[in-house]
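Structure, as structure tokens:
Note that the structure is a prediction, hence the values are computed from the model and not measured. Below, chains carry the letters A, B, ... as their sequence lines are ordered, and counting in each starts from 1.
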2 protein chains.
Amino acid sequence: MGPCPSDSSKQPVITAEDMPSQAPASQKRPNAFTELMNARAKKPRPSDSPSDSPEQSSKSTYTKAKTAVGFSDPRDGLIVYIEHPERNPDGRVVEYDDDFVVIRDKFPKASVHLLILPRDPSLYFRHPLELLSNDPAFLSKIQTYVSRLTDLAASELRRQYGADSASDAPYQSALEAMMSSPDPPSPSARAALLPPGRDWRADVVAGVHTHPSMNHLHIHILSREQHSPWVKHKKHYLSFNTSFLVQLHEFPLEEGSVRFHPGKWPNWDMTCWRCGQNFGNQFKKLKAHLEEEFETWKRE
Amino acid sequence: MGPCPSDSSKQPVITAEDMPSQAPASQKRPNAFTELMNARAKKPRPSDSPSDSPEQSSKSTYTKAKTAVGFSDPRDGLIVYIEHPERNPDGRVVEYDDDFVVIRDKFPKASVHLLILPRDPSLYFRHPLELLSNDPAFLSKIQTYVSRLTDLAASELRRQYGADSASDAPYQSALEAMMSSPDPPSPSARAALLPPGRDWRADVVAGVHTHPSMNHLHIHILSREQHSPWVKHKKHYLSFNTSFLVQLHEFPLEEGSVRFHPGKWPNWDMTCWRCGQNFGNQFKKLKAHLEEEFETWKRE
DNA sequence: TATTCCGATAGTGAC
DNA sequence: GTCACTATCGGAATGAG
């Protein structure tokens with residue numbers, strides 16, 4: 001196989017072989033991981049028996065109540081993943097268990113963009129800043145997920161851009177040599193034998209929006225380069241590149257923090273995440289600039 | 001010849017036969033009139049000798065000075081008609097003499113839209129409200145032109161829409177009978193022999209903009225129906241359908257009149273000139289409504 | 001602060 | 001207050017049968 005052109009290499013083709021060993025994927029059925037990342041298959045969650053979940057009926061009641069009054073609200077679009085990850089709607093489910101579903105964002109704002117969806121109905125409509133600031137146990141669980149999913153996102157960045165990256169070249173060439181050797185090591189043994197290469201984790205951010213527009217609680221994990229056709233207007237960009245995004249490592253917020261009330265944040269200037277250049281309200285110019293920064297960034 | 005579809009009958013095809021006798025066109029070389037309305041030919045003005053006009057050289061100097069500093073200002077776009085009507089630029093010249101040039105507006109905002117352009121360079125940049133309020137002799141000359149050109153515009157409306165008009169039917173049928181008689185009367189004798197038909201003059205307005213955007217003094221004469229693809233946005237419509245247009249019959253304004261300072265007129269609501277319906281800022285809806293009103297209006 | 005469509009609004013550059 | 005082009009900003013609908 002020759003190198004892929006950059007604009008045709010975005011299909012997730014992660015395999016179990018590509019999974020970095022530092023990702024404790026074994027906690028969460030790594031096969032489901034990688035197969036779901038491929039949008040090919042999913043596995044029923046072990047506890048998905050029809051009778052064991054009282055929330056299941058109440059959730060259905062809730063959904064029906066919403067549709068009974070009229071039309072469905074597009075802001076409720078995440079509920080189908082939360083209630084029926086086993087259906088793998090739109091092929092977006094990456095993994096799930098009793099507590100969380102992880103999906104690829106339907107309108108990704110970066111090369112990698114995952115959402116963590118808590119499944120506990122009592123958490124659906126909690127304000128993310130309040131919850132993550134006041135529920136240490138929940139925060140801790142999320143941090144565990146985020147750490148592991150950051151590795152997943154980093155490996156996906158490596159898959160997409162490793163061949164273009166100068167600083168990843170040692171890893172890439174060592175991997176190629178290893179895989180073409182007569183007796184390749186097992187996947188779990190590989191990482192320890194490879195040079196570190198580029199730290200793709202540094203390009204992954206996780207956090208929540210101060211005022212989410214999708215109704216159900218969700219945590220974003222995405223790469224920071226913001227190279228995506230779905231970044232279409234100012235608020236798309238600002239919502240991931242200002243304090244409107246509260247990153248996981250910033251929690252818990254102190255009570256009464258100004259972060260709870262960002263004011264007229266859509267009026268803030270847009271500044272390049274990489275070089276800091278200020279583009280004011282000129283979104284198109286920012287987009288053109290991001291295209292240039294992307295080309296430089298991926299070659300780092 | 002069968003009846004023309006309404007959307008293909010806009011080409012000016014006025015002939016000398018069509019000129020209403022009440023238009024004192026003979027004062028202004030009616031042949032030039034009609035031929036220029038056809039955008040086919042023009043005649044040099046009698047006084048256009050190279051040496052008899054000191055303004056001519058000063059005007060050329062002015063033009064050169066403007067172009068010398070760089071590019072020409074599109075707001076000076078009327079100067080070519082004023083200085084060189086004999087060239088009949090773009091075929092838009094309707095008539096001219098030593099004092100005025102009459103052209104068809106390059107971006108007509110109605111079925112008929114003429115401009116009167118005074119040729120005296122000392123008047124070019126006079127404020128139209130001030131000039132028409134304080135120079136009775138000038139106002140009088142303009143009124144004479146406007147009266148005659150209103151007749152011309154009315155005859156053009158008759159040409160375009162007479163066949164569709166219920167109230168013009170007596171005129172139209174009498175004209176047809178007259179022209180198919182064995183011995184048709186001369187053009188100048190016809191009007192006295194025809195019934196009046198529809199009063200198309202009532203649909204013609206004349207006036208000036210309080211803050212013209214074209215630099216050289218110009219007076220508008222146009223039909224009021226505002227049916228034109230060049231009416232493209234709110235200010236186009238408001239500028240002819242509010243007190244921002246000062247009609248000729250309103251002059252002279254009293255000194256200190258509020259008409260000199262219309263304030264934030266582009267924020268005013270748009271209301272239908274015919275039925276008074278208020279469209280606020282909804283230009284597209286107004287446009288659709290004007291289309292309906294046009295169909296009714298022309299059939300009156 | 002979900003997308004999408006449509007339209008109103010605003011700034012620019014023309015030459 | 002020209003036109004024409006681009007882009008920004010703003011509201012409203014948004015499904016399913």
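Taking the charged nitrogens against the carboxylate oxygens, A:Lys287 and A:Glu291 have no contact shorter than 4.0 Å, which rules out a salt bridge.
Protein atom CG of B:Leu217 is 17 Å distant from nucleotide atom P of D:dT2, rounded to whole Å. Distance A:Trp268 CH2 to D:dT8 P: 20 Å, rounded to the nearest Å. In this structure, the CH2 atom of B:Trp230 is 14 Å from the P atom of D:dT2, given to the nearest Å. Protein atom NZ of B:Lys285 is 14 Å distant from nucleotide atom P of D:dG11, rounded to whole Å. In this structure, CE of B:Met214 is placed 17 Å from P of C:dA14, rounded to the nearest angstrom. Distance NZ (A:Lys232) to P (D:dC9): 17 Å, rounded to an integer number of Å. The NZ atom of A:Lys287 sits 17 Å away from the C1' atom of D:dT6 (whole-angstrom rounding). Atom C1' of nucleotide D:dT6 and atom CZ of A:Phe279 are separated by 17 Å, given to the nearest angstrom.
Comparing D:dG15, C:dT3, D:dG1 by their nearest atom to the side chain of B:Ser213 picks out D:dG1. Candidate nucleotides C:dT3, D:dC3, D:dT14 were compared by shortest atom distance to the side chain of A:Pro74, and D:dT14 ranks first. Comparing D:dT14, D:dG1, C:dA8 against the side chain of B:Gln282 picks out C:dA8 as the nearest.
Ring centroid separation for the pair B:Phe283 and B:Tyr237 does not come in under the 6.0 Å cut-off. For B:His220 and B:Phe240, the ring centers are positioned less than 6.0 Å apart. In this structure, A:His216 has its ring center under 6.0 Å from that of A:Tyr124. Aromatic ring centres of A:His218 and A:Tyr81 lie farther apart than the 6.0 Å criterion allows.
The strand DNA chain D forms stems, runs of 3 or more Watson-Crick or G-U wobble pairs with distances below 3.5 Å, at C:2-14 with D:2-14.
Between the B:His84 side chain and the B:Pro89 main chain, no donor and acceptor come within less than 3.5 Å of each other.
Atom P of D:dG17 sits at a distance of 25 Å from the matching atom of C:dT3, rounded to the whole Å.
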Kindly give the atom pairs (protein nitrogen or oxygen, nucleotide nitrogen or oxygen) under 3.5 Å for nucleotides 9-12 of chain C.
residue, atom, partner, partner atom, Å
C:dT9, OP1, B:Asn281, ND2, 3.1

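A donor-acceptor contact closer than 3.5 angstrom links the side chains of B:Gln247 and B:His249. No side-chain donor-acceptor contact under 3.5 Å links A:Thr271 and A:Gln277.
Residue-level contact check: A:His220 touches neither bases nor backbone, having no heavy atom under 4.0 Å from any strand. Using a 4.0 Å heavy-atom criterion, one finds that B:His127 contacts no nucleic acid atom at all. At a threshold of 4.0 angstrom between heavy atoms, the contacts of A:Lys106 with the nucleic acid are absent. Contact annotation for A:Lys264: no contact, since no heavy-atom pair falls under 4.0 Å across all strands.
Contact check, B:Lys109 against D:dT2: no side-chain N or O comes under 4.0 Å of OP1 or OP2. Not one side-chain nitrogen or oxygen of B:Lys284 sits closer than 4.0 Å to the OP1 or OP2 atom of C:dG7.
Here salt bridge (Lys or Arg N to Asp or Glu O under 4.0 Å) pairs that include residues 237-259 of chain A, with residues two or more places apart or in two chains, are A:Glu250-A:Arg259.
Here the side chains of B:Ile116 and B:Ile221 are in contact, with some heavy-atom distance below 4.5 Å.
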